[in-house]
Amino acid sequence: MAGAPLCLAGQTATRLGLGTWALGGGADWGAQDRAQAEAAVRAALDGGVNWIDTSPIYGWGAAEELLGRVLHGRRQEVLLADKCGIVLNAGRPDHCLTAASVVAECEASLKRLRTDYLDLYQIHWPDPKTPLEETWQALQQLQKQGKIRAVGVCNFSAGQLRQAAALGPVAGLQMPVSLLRPLPDEIQAVCLQKQIPLVAYGALGGGILSGKYPKEPNFRRRDARRYFYPYYFAEGFTAAQAVAARVRELAAQKNVAPAAVALAWSLACPGVSGVLVGARSATQVQQNLQALRLTLTPQEQEFLHGGN
């Protein structure tokens, strides 16, 4: 059973949204071809996607600047989500959700995106150094000023989510949900109780469930697929390959891209309202969109989990 739809400013987000971490390139994902990146965003919009998610840390502003260029003249077609809470401190990423930092981040993001408002502004990660009440007050002030239309959170525990819900409306929660990382029951329970839409990310495991890596790759230590996703080395890679093989087998039977099968699984997870998925080319966007035409039977879902 799907979760409550993600609705922003009276508009319902499509079940698939475009994530832009990889489009930022940089140290996390390596060089990104600008023309292909812009084509990926246009392909998503042309394919009916009305929801794009970004963050100032994606290429340290590169993803936002890319969207600012591509969305010029098309801003009204898209629900634009951004984030705050991770900043550079002595050249290294650090958590910071002080009121002053949140306001400064928002102003800088609006400038890079060439827009005067964000449909959704989200806490990217909790900041243990800053009381959530201080952060929330700053977000509510930005909302009163019309610079953001709704407030969301990402990567919160069940307890942190309850705390946020007590401070004000939470428009959505972003959490990793995939065949390799099921949704924790306690998170699902809080979202259901508080009627908070749950947005899944990481449904492709950083790309490994798309079948692109039949052999263990040798990524740079700073590459996101190396430090953020535990599926690209040692036992994690072996376990992920077993799942990826089943995804490829089912995709071949259905004549779709493996990515579409993995995304369809996350879309079908109980409580999930929508799925954010990245793409670095128009072709990848089109493959991802195939997921919206798939309905997995209970037997197929059991097969993906390793059942007979």
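Below, all heavy atoms of this structure are taken into account, side chains as well, without hydrogens, waters or symmetry copies.
Here Arg220 does not pair with Asp28 in a salt bridge; the nearest charged N to carboxylate O distance is not below 4.0 Å. Residues Arg34 and Glu38 are paired through a salt bridge, judged by an N-O separation under 4.0 Å between the basic side chain and the carboxylate. A salt bridge is defined here as a Lys NZ or Arg NE, NH1 or NH2 lying under 4.0 Å from an Asp or Glu carboxylate O, and Glu107 with Lys147 meets this definition. Taking 4.0 Å as the cut-off between side-chain N and carboxylate O, Lys254 and Glu300 count as a salt-bridged pair.
A donor-acceptor contact shorter than 3.5 Å is absent between the side chain of Thr130 and the backbone of Asp127. Using modelled atom types, no side-chain atom of Arg112 and backbone atom of Glu65 make a donor-acceptor pair closer than 3.5 Å. Between the side chain of Glu105 and the backbone N or O of Gly85 there is at least one donor-acceptor pair closer than 3.5 Å. Using a distance-only test at 3.5 Å, with no hydrogens or angles considered, no donor-acceptor pair links the side chain of Asp119 to the main chain of Leu8. Side chain of Gln290 to backbone of Ala257: a donor-acceptor contact under 3.5 angstrom is found. Put simply, the side chain of Ser281 never gets that close to the backbone of Gln36: no donor and acceptor are under 3.5 Å apart. A distance-only check finds no donor-acceptor pair linking the side chain of Asn89 to the backbone of Arg92 [under 3.5 Å]. A donor-acceptor contact shorter than 3.5 Å is absent between the side chain of Arg15 and the backbone of Val275. Judged by distance alone, the side chain of Gln122 and the main-chain N or O of Cys154 form no donor-acceptor pair under 3.5 Å.
Scanning all heavy atoms of the two residues, the minimum distance from His95 to Pro126 falls at ND1-O, 3.6 Å. Heavy atoms only, all atoms of each residue included: Asn288 and Ala279 are closest at ND2-CB, 4.0 Å. In terms of heavy atoms, Gly19 sits closest to Leu276 at N-CD2, 4.0 Å. Residues Leu289 and Gly47 come closest through the heavy atom pair CD1-CA, 4.0 Å. In this structure, Leu97 and Thr135 approach most closely via the heavy-atom pair O-OG1, 2.6 Å. Contact detail for Val247 and Leu209: the closest heavy-atom pair is CG1-O, 3.7 Å.
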- [ ] Give the C-alpha distance, both sets of side-chain angles, the deciding distance and a yes or no for salt bridge (charged side-chain N to carboxylate O under 4.0 Å, His left out) between Arg74 and Glu77.
- [x] CA-CA 6 Å; Arg74 304 189 69 172; Glu77 297 178 38; 3.0 Å; yes
- [ ] Take Tyr58 and Lys83 through the test side-chain contact (heavy atoms from CB on, under 4.5 Å) and record every step on the way to the result.
- [x] CA-CA 10 Å; Tyr58 298 166; Lys83 307 183 188 77; 3.1 Å; yes
Open item on the list: Run the side-chain contact (heavy atoms from CB on, under 4.5 Å) test on Leu120 and Leu79 for me, step by step, so that the C-alpha distance in whole Å, both residues' side-chain angles and the decisive distance to 0.1 Å come before the verdict.
Closed with: CA-CA 8 Å; Leu120 178 63; Leu79 296 167; over 6 Å; no
- [ ] Carefully, step by step, assess Leu18 and Trp51 under the rule side-chain contact (heavy atoms from CB on, under 4.5 Å).
- [x] CA-CA 6 Å; Leu18 178 66; Trp51 162 44; over 6 Å; no
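Relative to the six-membered ring of Tyr117, Arg75 meets both conditions, a distance below 6.0 Å and an angle of at most 45° to the axis. With a 6.0 Å cutoff to the six-membered ring centre and a 45° limit on the axis angle, Arg226 does not count as a cation-pi contact of Phe219.
Ring pair Trp21/Phe228: centre-to-centre distance below 6.0 Å. Taking the six-membered ring wherever Trp is involved, the centroid distance between the rings of Tyr213 and Tyr232 falls below 6.0 Å.
No hydrogens or angles considered: a donor-acceptor pair under 3.5 Å links the side chains of Thr14 and Asn50. A donor-acceptor contact under 3.5 angstrom links the side chains of Gln174 and Asp53, judged on distance only. In this model, a donor atom of one side chain and an acceptor atom of the other lie less than 3.5 Å apart for Gln160 and Ser157. For the residue pair Asp223 / Tyr229, no side-chain donor-acceptor distance below 3.5 Å is found, with atom types taken as modelled. A side-chain donor from one of Glu64 and Ser109 sits under 3.5 Å from a side-chain acceptor of the other. Defined by atom type and a distance below 3.5 Å, a donor-acceptor pair is present between the side-chain atoms of Gln32 and Arg280.
A heavy-atom distance below 4.5 Å is not found between the side chains of Asp116 and Leu110.
Remark: Ile208 CD1 to Lys212 NZ distance equals 10.5 Å, nearest 0.5 Å. Expressed to the nearest 0.5 Å, how far CD of Gln193 lies from CD of Gln188 amounts to 13.0 Å.
Cluster membership for Ile187 and Leu192, using ILVMFWY side-chain heavy atoms within less than 4.5 angstrom, is not shared. Under the 4.5 Å side-chain heavy-atom criterion for Ile, Leu, Val, Met, Phe, Trp and Tyr, Val87 and Ile148 are members of distinct hydrophobic clusters.
Under the side-chain contact (heavy atoms from CB on, under 4.5 Å) test applied with Pro56, the options Ile86, Asp82, Leu88 reduce to a single match, Asp82.
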